[in-house]
Amino acid sequence: MTTIYSADRVRTHTDTGTIGDGSVVVNDEGLIEWVGPTADLPATFKDIAPTRFDGTLMPGLVDTHVHLGFDGGPNPVQRMMSETDSDQLVLMLRSARELLSAGVTTARDLGARSYLDVVVRDAILRGDARGPRLIASGAPLTPTGGHCWFMGGEADGAYELRKAVRRHHEHGADSIKIMSTGGFMTKGSAPWFAQYSEEELALAVSDAHRLGKRAVAHAHGIEGIRNAVRGGIDALEHCTFVASDGSMGFDAALADEIAARGVYVSLTLNVRAWQMLKAGAGGFVDHVAMIVQELRARGVRIVTGTDAGIDLAPHFAYAAGLEALAALGMPVEDVLHAATVVSAESFGLAGQIGALRPGAFADFIGVTGDPAADLTCLRRPFLVVASGTRFVPDPYPELESLATNASAGPGSLGHEH
Ligand SMILES: [Zn+2]
């Protein structure tokens, strides 16, 4: 059945720009058939009554970094470690609904156990469950006992890394996540230490590319960022430029290299950064603002990953990460494009998602007002269409009501994965 959605404003995120009083025509294959001014609707659609909304229709939002298996509560790691795979699967289906309710129509899971992300992805594709279009990465690859080892992706040295990439391919993963550095909270690992050499990463990444997958690195420390970039990584997660003594550093030459190699960067800003900004906290927030500025000045393409699911960062709080990015100096229009077309491009899905154009997946949202004027309207979409099927968003709490982590230093990012 062909469906027409009309609104005061349609943001296409293509060369067409924003259309006043526009319509989106969705065909029965879940694809966009036509986009344009309502007055110009082709005669073939004249008999179909449009569903009309006040507000803005725009491409569905993209989160390039989520963990469906983390619940966004006070201790998601403990929960994951104590749960059976069946329990985890139930939680992951819940997280997927939360993301979709928040308007996220595509998400990349960057750390799940037992290939449960592949199971959830396929269930959503079949229509057995509702959630975003999922890009599954399986368990992140990490040395024995390394950051997030408990997800089951332990791999030491080039041979095991390649074997793990191939095993992920065999099990249907779409992309590869490698822990290039430690993290703040996994016992025995530290964010400033590199976990793999440039040579090891290069071998893993080239094998991922051979299998048609993009490779993403979790990297805080400068050394680990450099190893990943020179190893050919496609995207960096966190990218906090922690120096070898644990202090917040920066490396302009390395930032130039990130830009020159076209590596996408997700700073994993989420509701916790949003809370720090609301509290007027300086320190770490100022450091990230500097990174945003330096990377943008060099033309690095920033994408919107939120690390959804980690401690006190529930999946439904997605919009807070976009607001934080804007508060740190990224123009609103650039934030909106980062959250759609740029993130789509980082997945190799340009033209298929992230923009409203004929032939693209009918993944879009409706929000009250104009997001270009006020990003907060993204907090609660009134309409979510995913793969052409309308989804009634589940209710979820206000951002202001969420629990806050009392500390506001680098340690408060401490639970990142
Ligand atoms: Zn993560």
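Indexing begins at 1, ligand by ligand and atom by atom, following the structure's order. Note that these values count all heavy atoms, side chains included, but never hydrogens, waters or copies made by symmetry. These figures come from a predicted structure and were not determined experimentally. All residue numbers in this chain count up from 1 along the given sequence.
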- Item | Exceeds 12 heavy-atom contacts within 6.0 angstrom, atom CD of E400 | yes

- Out of L134, D363, D63, which one pairs with T106 under the side chain to side chain contact (heavy atoms under 4.5 Å, CB included) rule? D363

- Task: May I ask you to check whether over 12 heavy atoms, not counting those of D15, lie within 6.0 Å of atom CG?
- Result: no

- Task: Just jot down the ring pair (Phe, Tyr, Trp, His ring centres under 6.0 Å) partners of F361, sequence neighbours excluded, or say none.
- Result: none

- Please check if the side chain of S343 supplies one atom and the backbone of T340 the other of a donor-acceptor pair under 3.5 Å. no

- Message: Keeping to distances under 2.8 Å, can you name the protein N/O/S atoms close to the Zn ion (ligand 1)?
- Response: H65 NE2, H67 NE2, D307 OD1, H417 O

- Verdict with reasoning, H168 to Y115, per ring pair (Phe, Tyr, Trp, His ring centres under 6.0 Å): CA-CA 8 Å; H168 276 18; Y115 299 106; 5.2 Å; yes

